[in-house]
Each structure stands twice: as C-alpha cells, then as structure tokens.
Amino acid sequence: MARISLKNLKKSYGQTHVIKGVDIEIEDGEFCVFVGPSGCGKSTLLRMIAGLEDISSGSLVIGEREVNDLPPAQRGVAMVFQSYAIFPHMTVRENVAFGLTISGASKEEKDAKVAEAARILQMEHLLDRRPSQLSGGQRQRVAIGRAIVRKPQVFLFDEPLSNLDAALRMDMRMEIGKLHNQLGATMVYVTHDQVEAMTLADKIVVLKDGQVMQIGAPMDLYHDPANLFVAGFLGAPSMNFLKVKVHGVNGGKVLVSNGALDPVEVSGKRALFKVGDEAILGLRPQYLSVAQGAGKLHGAVALTERLGAETVVEIALKDGNPLIAALSHDAVFDIGAQMNLDFDPDRAHLFPNEPGAGSVNKH
Amino acid sequence: MAMIAADNRGLRLVTRYAVLVLIAIIFVFPLVFMLMSSLKPDQQLLQDSGNLRAFLPVGDISLQNYTDAFQRAPVATFVFNSVLVTGVTVALSLLLCSAAGFAFVFVRWRGRDTLLALLLATLILPFETIAIPLLMMVANLPWVGMEGLTWGWLNSYRVQIIPFIADGLTVFLFVQYFKDLPGELIEAARVEGASWWQIYRKIVMPLSGPIFATAAILKFLVMYNQYLWPLMVTQEEGYRPVMVGLQYFFQLNVAWGEVMAYLSMITVPVLAFYLYLQKAFIASIASTGVKG
Ligand SMILES: Nc1ncnc2c1ncn2[C@@H]1O[C@H](COP(=O)(O)OP(=O)(O)OP(=O)(O)O)[C@@H](O)[C@H]1O
Ligand SMILES: [Mg+2]
C-alpha cells in the first residue's frame with residue numbers, strides 16, 4: 001500500500017517561499033499529475049517527495065510512515081529525471097541493475113529482473129550498449145527500466161518526455177500509461193504539457209506559485225474549473241475570457257452581457273454575483289458555433305487557420321476584443337466578414353472579476 | 001580551385017608543424033644537454049658547452065659518471081625514499097582530497113561554504129611562511145609505532161608524508177570538477193539507494209578520471225621536487241629524498257658530469273611515467289564521455 005499524503009507542506013530557500021502550504025492526497029495505485037506554468041514549484045514538490053529537497057514544514061506520509069526526515073533510499077520510491085540521469089560509464093544492463101547491485105542482489109536475480117524489465121520496455125537488444133550509443137527515446141527507456149526493476153511502490157517522473165520529439169513523445173506517453181496499468185503502482189508525474197496531463201492522469205493537481213489551484217479528475221477540471229487560472233490553463237486553444245456586466249441575478253442564474261454579447265443567462269455558482277458587478281465569462285473555443293439565427297456574440301472574422309478536421313477562427317468582436325472559435329469542421333470564411341456566434345449557456349463559466357484576472361496564462 | 005584550397009591547407013599545416021617543432025626543440029634541448037653531458041668527462045663537458053657539440057654524443061663517451069655518482073652518494077636509497085614518500089602521499093592525497101571535494105559539493109552540511117572559503121584562503125600562504133612553525137610542531141608530536149609511544153617525528157617518512165596529504169589546491173581542483181558533474185546522476189544514485197560511499201566509489205570516481213590524473217601529476221611534481229622540508233626534518237641519510245641528495249655533488253669541486261648523471265637518473269624515469277600517465281589521461285577522457 002502506498003498512499004501519499006502531503007499535509008500543509010512548505011519549502012523555503014531563505015526568504016524565498018517556493019511551496020506555500022500544499023495539501024494533496026494521492027491514493028494507492030493512482031496516477032497523479034502535477035501541472036502548472038514554469039517555476040510554479042512542480043519539480044520542487046516532486047523532489048520533496050523523493051527526499052532530494054528538505055521539507056521546511058508540514059508532513060509527508062508515504063504508505064503508513066511519515067518520511068519527512070528519511071533519506072531518499074528509505075522512502076521506497078523510484079524516480080525518472082528529465083535529463084534521464086543514466087550513468088554514462090555503465091552499460092545499459094549495469095544501469096538498469098544499479099539499484100539491485102546496491103542492495104546486494106545475486107547475479108541470477110539481477111539477470112532475471114533486468115531481462116523482465118527489458119522485455120516490458122522492449123529493449124533487450126540494447127542491454128550491452130553504452131548510453132552514448134543510444135537515442136533519446138532509448139535513454140528514456142533505460143531510465144524507466146532502472147526505475148521499474150526494483151518494483152518500488154511509488155514512481156516519480158519529472159517531465160520525462162520533454163526532451164523527445166513530438167512523435168516519440170506520443171509513443172512514450174502511451175507506454176507510460178500502459179506501464180501504469182501493468183504495474184499498478186502509485187505514480188506522480190510532473191509535466192507542463194496538458195495533453196500528457198489530460199491523457200495520463202487519474203488525478204490532476206494544478207499548481208501556481210507554490211499553491212494548489214485545483215485538484216480533480218481531468219474531465220472535472222476541464223468541465224468545471226474552480227477559477228480563472230485553471231480554466232485558462234487547461235484546454236487548447238485556451239478558454240476565451242470576456243469581461244461582462246451583471247444585469248440580473250435569479251437563484252443560481254446570472255444575466256450578463258457586454259458590447260458584443262447579447263444578454264444571456266448563465267450559471268453563477270462560483271461566487272455571489274450582484275447586479276452591477278463586473279464578471280468574467282469563460283467560453284471554450286470548441287463550444288462556440290456559427291449561429292443559425294441572430295446568435296449571441298457579434299464580430300468580424302480576423303484570421304482563420306484550417307487544420308482539416310477543425311477550423312480555428314479568430315474573431316474581432318464588436319467591442320474590439322478578440323475571440324477564438326474552434327469549429328469542428330472545415331469551413332472557409334472571408335477575412336472581415338460579419339460573424340454571429342452561438343453557444344450553449346450551460347457550457348459557459350462565470351467567474352468573479354478577481355484582481356489579476358487579466359494576466360491569466362494563455363497557452 | 002580545389003588545388004589552391006589543398007595547397008593552402010598544406011602550407012598551413014607545414015607552418016603549424018614548423019612552429020610546434022621549434023617549441024618542442026626549445027623544451028627538449030636542456031634535457032638533451034643533460035643526457036649528453038652525463039656521458040662526458042668534466043673537461044670535455046666544459047669545452048663543449050659553448051657550441052653545438054654540447055647536444056651531441058661526440059668525443060670521449062662513457063658511463064663513467066654514472067658509476068662515480070653511485071660511489072659518491074647512496075643514490076638507490078634516495079630514489080627509494082623519494083618514490084616511497086611521493087607514492088604514498090599522492091595516493092593518500094587523491095583519496096582524502098577527492099573525498100573532501102565530494103563532501104563540499106554533494107553533501108549538504110552546516111558551515112560548508114565557510115569551511116571551503118577558509119580552505120581556499122590557505123592557498124595564498126606560501127609554504128616557507130609555515131615551515132618553521134610546522135617544524136617546531138612535528139618535532140614534538142607523539143607517534144605510536146613498533147617501538148611503542150615515541151615523541152618527535154624528525155627523521156622519518158611520516159614527517160615527509162602526513163603534512164602534505166591534505167592541501168587546499170587539490171581539494172579545490174576536485175571541487176571545481178565535481179561541480180560540473182551532472183547533479184541528477186548523484187540524485188539518481190541516491191534514490192536508487194546508494195550510500196555516500198557507494199556514490200563516491202561507483203559514480204563519481206569513474207567519471208572523474210581526468211581530474212584524478214591531473215591532481216596526481218601536480219601532487220607528484222610537488223612531492224618529488226621536495227627540497228626545503230626534507231632538508232629541515234631529516235638529518236639522517238636513510239630518510240633523505242633525491243633532491244636533498246643533490247647536495248652530495250656540490251662539494252668543494254663540483255663534478256658536473258656526475259651532477260648530470262645523477263639528474264638524468266632522477267628525471268628520466270619521471271618523464272617516462274608522465275608520458276604513460278598522459279596516455280591514460282586521454283584514454284580516460286575518451287571513455288567516460290562526460291565532457292565534450
Ligand atoms: N536553490 C534555490 N534557491 C532559491 N530558489 C529556488 C531554488 N531552487 C528553485 N528555486 C525556485 O523555486 C521555484 C520553483 O522551481 P521548480 O524547479 O520547482 O519549478 P518547476 O515548476 O519545476 O518549473 P519548470 O516547469 O520550469 O521545471 C522557482 O521559482 C525557482 O526559481
Ligand atoms: Mg521542473
């Protein structure tokens with residue numbers, strides 16, 4: 001059993017607070033992904049779990065033990081690094097067997113376990129090579145092989161795929177997914193690639209500036225983001241944010257509009273909205289469609305990108321703000337043509353107009 | 001076109017080699033002079049020294065100077081002492097200083113940076129400034145050996161070895177090199193369960209061949225050329241190293257032929273060893289592939 005439980009975990013370098021009180025519960029066998037923009041503390045958090053960074057305060061439990069003060073070796077974790085960190089002076093076989101060698105395993109045991117790991121990762125033919133004779137993807141396999149051969153309860157990955165090209169990244173992503181099903185171990189995976197996060201995770205933790213923004217299943221975060229940051233961070237192209245004015249509040253429903261948006265009633269469960277408030281309306285590009293009738297949003301086509309299955313249209317709204325629509329079919333539009341758009345109000349998100357809302361991270 | 005380019009390249013190559021050969025000659029001539037002179041009787045040696053014959057094995061050539069040198073001084077004892085003191089000091093120094101460098105770079109502990117700064121500060125102290133205090137200290141230090149507890153380290157090997165095992169420069173060399181090793185390798189080994197000793201032995205040492213070779217060469221040169229300190233602490237012939245042994249040849253009448261013979265005997269093996277080490281040095285860089 002290897003649950004991981006982080007309770008009010010903090011980390012400071014002198015006066016610099018990097019992790020500012022983080023609570024996360026990771027269930028046994030769960031695939032948990034940390035995402036967030038660069039510098040938000042993902043790696044630091046992972047390294048704290050591994051034991052490579054001291055914990056300033058709070059409690060870290062792996063399995064049944066509090067491991068705050070245990071060295072990495074005694075935490076029962078394996079880690080795969082972004083740079084692979086395979087030992088250049090050892091063959092692939094020696095690299096994969098390193099942990100077993102350290103723990104004094106017999107040669108037979110090592111051979112058997114290395115062979116099994118090599119089979120799982122399809123790298124039997126590489127075992128006698130040196131790391132310098134391997135491609136990036138092969139090195140990544142070796143690093144993963146070294147991690148799985150000891151059968152640890154917990155795997156930690158720090159952006160393991162970020163040095164690979166796009167095609168290889170997709171292959172390896174699927175392999176890591178398969179590996180998780182096969183091994184059933186708890187995995188914590190750091191990435192800033194939201195596709196990796198959405199496809200691999202049972203649970204996503206969105207971080208910003210050393211704080212948790214939201215924790216949940218990928219689809220929960222996608223369909224029900226708790227705040228502007230999460231809404232803007234997940235999904236590509238990222239969510240459109242329109243500044244709107246509140247005209248009426250009726251139970252959970254809020255009537256909003258702005259210069260380009262006709263009055264529309266949307267659900268307003270994230271805050272108490274009052275008439276006269278400014279608010280932010282979030283609309284995913286994918287949920288916008290060309291209006292059959294008058295539509296709700298009005299503007300003119302500014303730019304189109306035809307991707308075949310999808311057409312991404314940038315629209316200059318009547319009030320001057322830009323809007324992105326991702327239409328799920330191929331279509332041709334004239335630049336400058338008037339365009340009316342429609343959307344399902346149930347799929348719109350209303351957020352309070354927090355300070356700093358304008359600086360939402362666009363990806 | 002192609003021919004001009006080839007010509008140019010050829011010309012450049014010739015120039016480059018000419019310059020290199022010239023530099024090589026400048027460095028090699030003193031050595032040749034020493035070797036040739038060691039084969040000549042004193043009178044001829046002095047006559048030849050004004051012209052090119054000084055660099056040629058001409059005239060009355062023999063190994064007489066070598067025989068005489070052996071008679072004048074216990075050469076074998078001096079060489080043995082130097083090899084022993086140098087070898088032991090180099091080996092212990094590499095071990096201790098690399099371990100210290102390891103602790104300064106990879107292990108986190110309180111006061112680490114302060115101590116490293118202090119250590120580096122010792123680099124600016126010339127040995128001469130501490131020679132006398134050090135002498136007074138070692139003269140009164142206890143030692144437990146075969147004869148039980150004794151006081152004073154004078155006239156021994158240990159007095160020539162122990163003060164030179166740890167030194168700031170060697171630690172500094174290791175610190176600088178270790179800092180450039182990828183930190184994730186060490187972290188990976190820690191996660192895999194390796195102890196500090198295992199990380200040092202199985203990861204850091206194999207990846208640090210070049211710096212071990214460099215440190216060994218530097219330490220070797222310092223130790224083999226020791227003169228002032230052994231002169232101060234060894235009165236007995238039995239413990240004296242080669243450089244102090246040179247004194248035996250500078251009596252009332254300097255026998256230059258014997259001096260050259262003695263110098264040849266104590267430098268040529270060192271050069272041979274250095275050339276060997278240089279090969280190992282290059283091989284170790286090629287095999288680790290950490291750098292470049
Ligand atoms: N030794 C240190 N001293 C001070 N600040 C540090 C130190 N190490 C990291 N930081 C800071 O901690 C913050 C978090 O760093 P971390 O490496 O965890 O980010 P990250 O989320 O992994 O980013 P990336 O996606 O770029 O890898 C950064 O702002 C960084 O500047
Ligand atoms: Mg990182």
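Order of the sequence lines sets the chain letters (A, B, ...), proteins ahead of strands, with each chain counted from 1.
Residues forming a side chain to side chain contact (heavy atoms under 4.5 Å, CB included) with Pro230(B) (at least two apart in sequence, or on another chain): Gln160(B), Gln226(B), Thr234(B), Pro241(B), Val244(B). Shown here are the side chain to side chain contact (heavy atoms under 4.5 Å, CB included) partners of Val83(B), two or more places apart in sequence or in another chain: Val79(B).
The candidate from Ala78(A), Pro152(A), Pro72(A), Ala143(A) with the greatest count of non-hydrogen atom pairs under 4.5 Å with chain B is Pro72(A). For the options Gln198(B), Lys202(B), Glu192(B), heavy-atom pairs under 4.5 Å to chain A are most numerous at Glu192(B). If you tally non-hydrogen atom pairs under 4.5 Å between each of Arg108(B), Arg190(B), Glu187(B) and chain A, the highest count goes to Glu187(B). Comparing Pro131(A), Ser103(A), Gly99(A) by heavy-atom pairs within less than 4.5 Å of chain B, the highest count is held by Gly99(A).
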ask   = When you look at Phe174(B) and Phe212(B), which way does the ring-ring contact (aromatic ring centres under 6.0 Å, His included) test go after all the steps?
value = CA-CA 8 Å; Phe174(B) 281 111; Phe212(B) 272 94; 4.9 Å; yes

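With a 4.5 angstrom heavy-atom cutoff, Ile86(A) touches chain B only via backbone atoms. Interface remark: Arg146(A) contributes backbone and side-chain atoms alike to the contact with chain B (heavy atom separation under 4.5 Å).
Look at Glu30(A) and Arg3(A) and you find no salt bridge, because none of the NZ, NE, NH1 or NH2 atoms lies under 4.0 Å from a carboxylate O.
When each of Thr16(A), Asp54(A), Leu45(A), Val22(A) is paired with Lys11(A), the side-chain contact (heavy atoms from CB on, under 4.5 Å) condition holds for Asp54(A) and for no other.
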